[in-house]
Amino acid sequence: EALYIEKYERYYKNEVDFIFLKALIYMNNSRFQESAEIFLKCLDMKEGKLLGTNSYLALYNIGVIFECLGFMKEACEYYRLCGSYEPAIKRIETIMKV
């Protein structure tokens with residue numbers, strides 16, 4: 001049902017918060033390739049109302065996708081790009097313990 005969001009894209013296609021939400025919905029519906037591509041698109045957009053949607057939050061979620069798919073090295077690379085974002089630091093620590 002959340003994919004219904006696509007109906008509104010023509011109105012909000014230039015809003016990073018909307019694009020970020022769309023990527024999250026795709027990720028939660030196992031559309032990982034599309035989700036990662038959309039998160040990457042967020043990196044080229046202006047800051048939205050939610051801090052980080054065009055930077056560390058998008059990078060973090062790409063890391064989550066890679067981790068879910070079993071690509072731990074790639075996941076860590078994206079987590080490192082998140083800088084001091086605490087959840088990313090914890091994910092790196094967890095992966096390194098394995």
Side-chain angles (χ1 to χ4, degrees):
E1 291 180 26
L3 292 170
Y4 191 73
I5 193 173
E6 293 171 332
K7 178 180 178 181
Y8 298 97
E9 186 164 7
R10 66 181 178 187
Y11 303 108
Y12 300 106
K13 65 182 176 186
N14 295 319
E15 301 293 327
V16 70
D17 297 316
F18 176 85
I19 301 301
F20 183 85
L21 177 60
K22 179 181 169 184
L24 283 177
I25 291 169
Y26 277 33
M27 183 172 78
N28 289 323
N29 282 277
S30 300
R31 294 171 66 173
F32 298 123
Q33 176 76 33
E34 293 166 285
S35 178
E37 290 171 3
I38 296 169
F39 281 128
L40 288 172
K41 181 180 177 182
C42 290
L43 300 176
D44 294 327
M45 299 181 80
K46 293 188 302 186
E47 186 72 53
K49 292 180 182 178
L50 179 63
L51 182 65
T53 54
N54 71 335
S55 58
Y56 65 91
L57 291 177
L59 294 165
Y60 176 79
N61 282 293
I62 294 171
V64 170
I65 290 169
F66 277 123
E67 189 174 354
C68 288
L69 294 174
F71 298 108
M72 300 308 178
K73 179 182 174 190
E74 292 82 355
C76 283
E77 289 173 13
Y78 275 92
Y79 291 146
R80 285 187 185 99
L81 292 173
C82 296
S84 61
Y85 184 53
E86 190 65 30
I89 293 168
K90 288 181 179 181
R91 293 306 315 144
I92 293 169
E93 291 171 357
T94 300
I95 290 171
M96 299 309 263
K97 289 179 184 176
V98 175

Are Phe32 and Ile62 linked, directly or through other ILVMFWY residues, by side chains that come within less than 4.5 angstrom of each other?
->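 Yes; Ile62 is reachable from Phe32 via cluster members.
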
If two hydrophobic side chains count as joined below 4.5 Å and joins carry through other members, does Val16 share a cluster with Tyr11?
->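 Yes, Val16 and Tyr11 fall within the same hydrophobic cluster.
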
Look up atom [atom1] in [X] and atom [atom2] in [Y], then write down how far apart they are to the nearest 0.5 Å.
{"X": "Lys46", "Y": "Glu15", "atom1": "NZ", "atom2": "CD", "answer": "8.0 Å"}
{"X": "Leu57", "Y": "Asp17", "atom1": "CG", "atom2": "CG", "answer": "10.0 Å"}
{"X": "Tyr78", "Y": "Leu81", "atom1": "OH", "atom2": "CG", "answer": "7.0 Å"}
{"X": "Glu74", "Y": "Leu69", "atom1": "CD", "atom2": "CG", "answer": "10.0 Å"}
{"X": "Asn28", "Y": "Asn61", "atom1": "CG", "atom2": "CG", "answer": "8.5 Å"}
{"X": "Phe66", "Y": "Phe71", "atom1": "CZ", "atom2": "CZ", "answer": "7.5 Å"}

What is the minimum heavy-atom distance between [X] and [Y], and which atoms define it?
{"X": "Ile38", "Y": "Ala23", "value": "CG2-CB, 3.5 Å"}
{"X": "Ala36", "Y": "Ile65", "value": "N-CD1, 3.8 Å"}
{"X": "Phe20", "Y": "Ala58", "value": "CE1-N, 3.7 Å"}
{"X": "Phe18", "Y": "Ile5", "value": "CE1-CG1, 3.3 Å"}
{"X": "Met45", "Y": "Lys13", "value": "CE-O, 3.9 Å"}
{"X": "Ile19", "Y": "Cys42", "value": "CG2-SG, 3.7 Å"}

Using side-chain heavy atoms (C-beta onward) and a distance below 4.5 Å, is [X] in contact with [Y]?
{"X": "Phe39", "Y": "Met27", "value": "yes"}
{"X": "Cys76", "Y": "Ile95", "value": "yes"}
{"X": "Leu50", "Y": "Thr53", "value": "yes"}

Answer yes when Lys90 and Glu93 have at least one side-chain N-carboxylate O distance shorter than 4.0 Å, and no when they do not.
->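 Answer for the salt bridge query: no.
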
Presence of salt bridge, Lys22 and Glu9, under 4.0 angstrom =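 The answer is yes: the pair qualifies as a salt bridge.
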
With a cut-off of 6.0 Å (strictly less than), are more than 12 heavy atoms of other residues, nucleotides or ligands near CD of Glu86?
->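 Enclosed: over 12 neighbouring heavy atoms sit under 6.0 Å from CD of Glu86.
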
Judged by atom type as modelled, is there a donor-acceptor pair below 3.5 Å linking the side chain of Glu47 to the main-chain atoms of Gly52?
->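 Between the backbone of Gly52 and the side chain of Glu47 there is a qualifying donor-acceptor contact (under 3.5 Å).
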
Member of Glu37, Glu34, Glu6 meeting the side chain to side chain donor-acceptor pair (under 3.5 Å) criterion with Tyr26 |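 Exactly one option meets the side chain to side chain donor-acceptor pair (under 3.5 Å) with Tyr26, and it is Glu6.
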
Indicate the ring-plane relationship of Tyr8 and Tyr4, choosing parallel, tilted or perpendicular according to the 30° and 60° boundaries.
->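 Because their plane-to-plane angle is over 60°, the rings of Tyr8 and Tyr4 count as perpendicular.
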
Between Tyr60 and Tyr85, how do the two ring planes meet: parallel, tilted or perpendicular, split at 30° and 60°?
->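 The rings of Tyr60 and Tyr85 stand perpendicular, inter-plane angle above 60°.
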
Regarding Tyr79 and Glu67, is there a side-chain donor-to-acceptor distance under 3.5 Å anywhere?
->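 Yes - a donor-acceptor pair under 3.5 Å links their side chains.
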
